[in-house]
**Q** 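There's a structure below that I have some questions on.
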Amino acid sequence: MLDIQLFRKDLPAVASRLASRGFQLDTARFETLEAERKAIQTRTQELQSRRNSLSKQIGVAKGKGEDASALMAEVGGLGDELKAMETRLDGIQAELQELLAAIPNLPQPDVPLGDDAAANVELRRVGTPRQFDFTPKDHVDLGEGLDLLDFATAAKIASSRFVLMRGPLARLHRALTQFMLDVHTQEHGYEEVYVPYIVNADSLRGTGQLPKFEADLFKLTNDMYLIPTAEVPVTNIVRDEIIPAENLPIRLVAHTPCFRSEAGSYGRDTRGMIRQHQFDKVELVQFVRPEESNAALEELTGHAETILQKLGLPYRVMLLCTGDMGFSSSKTYDLEVWLPGQNTYREISSCSNFEAFQARRMQARFRADQGRPELLHTLNGSGLAVGRTLVAVLENYQNADGSVTIPEVLRPYLGGMERLSAV
RNA sequence: GGAGAGGUGGCAGAGUGGUCGAAUGCACCGGAUUCGAAAUCCGGCAUACGGGUCUCCCGUAUCGGGGGUUCGAAUCCCCCCCUCUCCGCCA
């Protein structure tokens with residue numbers, strides 16, 4: 001959520017910055033609501049003030065045993081208008097709130113302008129895609145060929161967009177998770193947290209998934225939701241909290257499954273593990289002082305990159321353009337890993353600085369010394385999406401005979417296993 | 001899931017219809033005292049929103065959340081959430 005003061009101070013400027021990311025702000029509606037709000041709020045508070053002082057006088061009079069009927073008649077006359085004003089004020093505040101809650105974050109000045117992914121800017125490539133002396137398979141052919149990846153059975157158990165992994169492949173998937181957690185906790189200074197996989201609506205509003213993106217979520221029968229990312233439970237740790245400044249920055253890492261309904265993506269990535277209803281992710285989250293958030297974004301992105309580097313996976317770093325950024329983000333880097341089976345780079349991590357956007361929704365603040373509480377800044381990034389990392393390992397480390405060499409750094413997690421082959 | 005108890009400021013804890021944004025204690029901050037410290041004394045010490053003559057003043061709201069009764073609600077009524085104790089169930 002953006003600061004409403006911004007809209008009051010310079011509406012056209014905010015509107016144009018929002019337009020740069022493809023959001024049309026209804027400025028006329030805002031101005032009307034705001035003018036109405038001001039008039040009604042002033043009048044309401046006036047009436048409340050009058051009522052309070054008269055009521056107080058009634059109390060005093062009755063305490064002295066005097067007749068208060070004249071006072072009571074006067075305050076009684078306020079009742080109808082006051083009630084009407086309060087009701088209208090509530091309505092307008094709710095409408096303003098709703099309007100505000102649906103407005104995305106402002107892009108930072110150095111975010112490139114653009115409508116969609118085509119305008120994203122490639123910042124750098126790291127690692128060189130391997131030259132194969134045979135035609136590389138994609139992870140589906142590899143996994144099914146090894147009899148370790150089974151989409152048909154998963155579809156029987158659940159539906160399409162689920163996967164069943166067997167034996168050493170299931171273990172490799174687990175090894176990747178362990179590896180990522182170990183690197184982030186031992187080398188990057190993150191604290192590992194274990195969090196609920198089911199959250200309430202307040203938490204989803206806090207991070208920005210609600211109210212606009214309910215269709216992307218799996219909603220349970222008790223009005224709770226399966227998490228679409230660990231970002232939701234982990235970031236909401238600080239909701240309604242005031243953190244002592246000396247505790248910042250806070251760096252947290254969590255491994256969770258993620259559940260996404262993928263509504264509206266019927267034709268996209270239907271093959272393989274790229275786009276699933278359920279996938280695992282290791283998520284990095286940071287809470288920092290405002291002036292440090294951009295440096296923290298660079299740092300956090302680097303932490304995610306480290307995983308790719310240690311795994312020897314070629315990737316590139318993309319700076320997302322205004323039109324391709326997530327709703328809550330002010331600036332986002334995507335890491336895209338090279339997939340030989342698709343002969344292209346695919347997103348494997350997304351690292352964002354939300355500035356105070358989520359913090360304002362969450363009322364997540366910090367206090368420096370004796371100062372007033374101030375909104376902190378939140379960031380997060382995948383470090384990494386485990387399923388897609390597994391795909392990348394399979395495809396990049398495949399051999400001509402259909403087996404897969406295990407990257408060195410993972411072998412300690414696999415009892416020294418060097419090669420993935422059929423059970 | 002059942003029965004009971006309870007949710008008040010950073011913490012502890014009073015307050016059961018009126019001058020209560022809320023006693024008192026602890027913690028914290030400033031000052032006095034002291035060579036310095038402890039102790040003691042004095043003062044300060046919530047958040048959000050709105051308005052203004054905008055480093056300050058005024059107003060409004062907030063005692064788990066929402067609704068209601070009333071001129072007036074921390075206090076009474078209803079619904080919900082959470083915590084604790086006991087029982088049941090259970091990894």
Side-chain angles (χ1 to χ4, degrees), chain A residues 1-11 30-101 194-206 210-211 220-225 233 236-248 257 356-376:
Chain A
M1 192 155 65
L2 295 169
D3 188 350
I4 193 163
Q5 305 294 355
L6 234 53
F7 295 80
R8 291 182 181 144
K9 259 188 279 174
D10 197 352
L11 192 58
F30 179 85
E31 281 176 321
T32 308
L33 276 173
E34 181 56 15
E36 216 178 332
R37 188 227 96 226
K38 191 165 176 172
I40 292 174
Q41 181 165 358
T42 307
R43 179 63 184 151
T44 304
Q45 294 190 350
E46 231 172 73
L47 290 167
Q48 286 173 330
S49 177
R50 184 82 190 124
R51 178 205 58 197
N52 287 348
S53 80
L54 284 171
S55 290
K56 202 163 268 189
Q57 288 175 44
I58 292 172
V60 172
K62 287 200 167 178
K64 291 180 186 159
E66 296 169 1
D67 175 37
S69 55
L71 287 166
M72 287 177 69
E74 186 179 352
V75 75
L78 265 45
D80 286 347
E81 190 192 356
L82 180 56
K83 186 148 248 168
M85 283 293 154
E86 283 176 337
T87 305
R88 266 184 79 190
L89 184 60
D90 283 351
I92 287 168
Q93 299 275 38
E95 220 176 313
L96 267 170
Q97 204 57 31
E98 196 185 322
L99 184 73
L100 222 53
Y194 174 87
V195 294
Y197 299 163
I198 293 174
V199 293
N200 56 39
D202 282 342
S203 291
L204 288 157
R205 267 191 290 274
L210 290 181
L220 306 178
T221 52
N222 61 355
D223 280 335
M224 306 245 280
Y225 300 79
N236 275 279
I237 288 172
V238 295
R239 173 154 55 90
D240 294 322
E241 299 289 336
I242 298 173
I243 310 288
E246 62 264 30
N247 292 1
L248 301 178
F357 188 85
Q358 294 181 327
R360 188 170 292 106
R361 291 171 162 245
M362 293 191 297
Q363 281 304 300
R365 296 168 293 176
F366 71 98
R367 191 200 305 270
D369 302 318
Q370 301 304 306
R372 321 198 107 254
E374 197 182 333
L375 294 170
L376 47 75

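Within every chain, numbering begins at 1; the chains are lettered A, B, ... in the order of the sequence lines, protein sequences first and strands thereafter. Just so it is clear, the model here is predicted, and its values are computed rather than measured.
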**Q** For Arg205(A) and Asp202(A): C-alpha separation, side-chain torsions, deciding distance, then whether salt bridge (Lys or Arg N to Asp or Glu O under 4.0 Å) applies.
**A** CA-CA 5 Å; Arg205(A) 267 191 290 274; Asp202(A) 282 342; 2.7 Å; yes
**Q** Provide the distance between the two C1' atoms, one in A37(B) and one in G21(B), to the nearest whole Å.
**A** 37 Å
**Q** Considering only side-chain heavy atoms of Lys56(A), which listed nucleotide, U47(B), A61(B), G21(B), is closest?
**A** G21(B)
**Q** By nearest atom, which of the nucleotides U47(B), C49(B), G51(B) is closest to the Gln45(A) side chain?
**A** C49(B)
**Q** Which nucleotide, in any strand shown, forms a Watson-Crick or G-U wobble pair with C49(B), with both distances under 3.5 Å?
**A** G59(B)
**Q** Could you state the atom-to-atom distance from CG of Leu71(A) to P of G72(B) in whole Å?
**A** 14 Å
**Q** A48(B) C1' sits how many Å from Met1(A) CE, rounded?
**A** 12 Å
**Q** Sticking with atom C1', work out how far C54(B) lies from C58(B), rounded to a whole angstrom.
**A** 12 Å
**Q** Please classify the nucleic acid contact of Ile58(A) as base, sugar-phosphate, or nothing, using heavy-atom distances under 4.0 Å.
**A** base
**Q** Can you see if the side chain of Asn52(A) gets near the phosphate of A61(B) - specifically, an N or O under 4.0 Å from OP1 or OP2?
**A** yes
**Q** When rounded to the nearest Å, what value does the distance between P atoms of U70(B) and U75(B) take?
**A** 16 Å
**Q** For Asp80(A), does the CG atom have more than 12 heavy-atom neighbours from other residues, nucleotides or ligands under 6.0 Å away?
**A** no
**Q** With a 4.0 Å cut-off on heavy atoms, is Arg43(A) in touch with a base, just the backbone sugar-phosphate, or nothing at all?
**A** nothing
**Q** Closer than 4.0 Å, any side-chain N/O of Ser55(A) to the OP1 or OP2 of G18(B)?
**A** no
**Q** Can you tell me how far C1' of G72(B) sits from CG of Leu82(A), to the nearest Å?
**A** 12 Å
**Q** It should be established whether Arg365(A) places a side-chain nitrogen or oxygen under 4.0 Å from OP1 or OP2 of nucleotide A48(B).
**A** yes
**Q** My understanding is that a pair needs two contacts under 3.5 Å, Watson-Crick or G-U wobble. By that rule, which nucleotide pairs with U24(B)?
**A** A12(B)
**Q** For C81(B) versus A91(B), give the span between their C1' atoms, rounded off to a whole number of Å.
**A** 26 Å
**Q** Is there a side-chain contact between Leu220(A) and Tyr225(A) (heavy atoms, below 4.5 Å)?
**A** no
**Q** Does U19(B) pair with anything, Watson-Crick or G-U wobble, both distances under 3.5 Å, and if so, with which nucleotide?
**A** none
**Q** Check the phosphate of U69(B) against Lys83(A), side-chain N and O only, distance under 4.0 Å to OP1 or OP2. Yes or no?
**A** yes
**Q** With C1' as the reference atom in both, quote the distance from A3(B) to C63(B) in angstrom, rounded to an integer.
**A** 28 Å
**Q** Rounded to whole Å, how long is the line connecting atom CD of Glu246(A) with atom P of C28(B)?
**A** 14 Å
**Q** Do Glu86(A) and Leu82(A) come within less than 4.5 Å of each other through their side chains, counting heavy atoms only?
**A** yes
**Q** Counting only Watson-Crick pairs (N1-N3 plus N6-O4 or O6-N4) and G-U wobbles (N1-O2, O6-N3), all under 3.5 Å, who is the partner of G6(B)?
**A** C82(B)
**Q** Can you tell me how far P in A73(B) sits from the matching atom in G65(B), rounded to whole Å?
**A** 16 Å
**Q** Could you give the CE-to-C1' distance, from Met85(A) to U60(B), as a whole number of Å?
**A** 15 Å
**Q** Do Arg37(A) and Leu33(A) come within less than 4.5 Å of each other through their side chains, counting heavy atoms only?
**A** no
**Q** Could you check which nucleotide pairs with C54(B) in any of the strands shown, counting Watson-Crick or G-U wobble with both distances under 3.5 Å?
**A** none
**Q** Quickly work out the Ile40(A) CD1 to G51(B) C1' distance and round it to whole Å.
**A** 16 Å
**Q** Assuming nearest nucleotide by heavy-atom distance, tell me which of Ser53(A) and Gln363(A) is located more 5' along RNA chain B.
**A** Gln363(A)
**Q** Which value, rounded to the nearest 0.5 Å, describes the distance between Ile92(A) atom CD1 and Lys38(A) atom NZ?
**A** 14.0 Å
**Q** Taking atom P of G52(B) as reference, at what distance in whole Å does atom CD of Gln41(A) sit?
**A** 12 Å
**Q** For the residue pair Asn52(A) and Ser55(A), confirm or rule out a side-chain donor-acceptor distance under 3.5 Å.
**A** no
**Q** Tell me: CG of Leu375(A) to C1' of A48(B), nearest whole Å?
**A** 12 Å
**Q** Go nucleotide by nucleotide along RNA chain B from the 5' end; which of Ser49(A) and Lys38(A) gets its closest nucleotide reached first?
**A** Lys38(A)
**Q** Do Glu98(A) and Pro211(A) come close enough that some side-chain heavy atom pair is under 4.5 Å?
**A** no
**Q** What's Gln5(A) touching, base or sugar-phosphate or nothing? Going by heavy atoms closer than 4.0 Å.
**A** sugar-phosphate
**Q** Taking A12(B) as the reference, what is the distance to A27(B) when you measure between their C1' atoms (whole Å, please)?
**A** 10 Å
**Q** Using Watson-Crick or G-U wobble geometry with both distances under 3.5 Å, which nucleotide pairs with A32(B)?
**A** U40(B)
**Q** Select base, sugar-phosphate, or nothing to describe what Lys62(A) touches, counting heavy atoms under 4.0 Å on all strands.
**A** base
**Q** Which nucleotide, if any, forms a Watson-Crick or G-U wobble pair with C90(B), using both distances under 3.5 Å?
**A** none
**Q** Can you tell me, in whole Å, how much space there is between the P of U34(B) and that of A38(B)?
**A** 15 Å
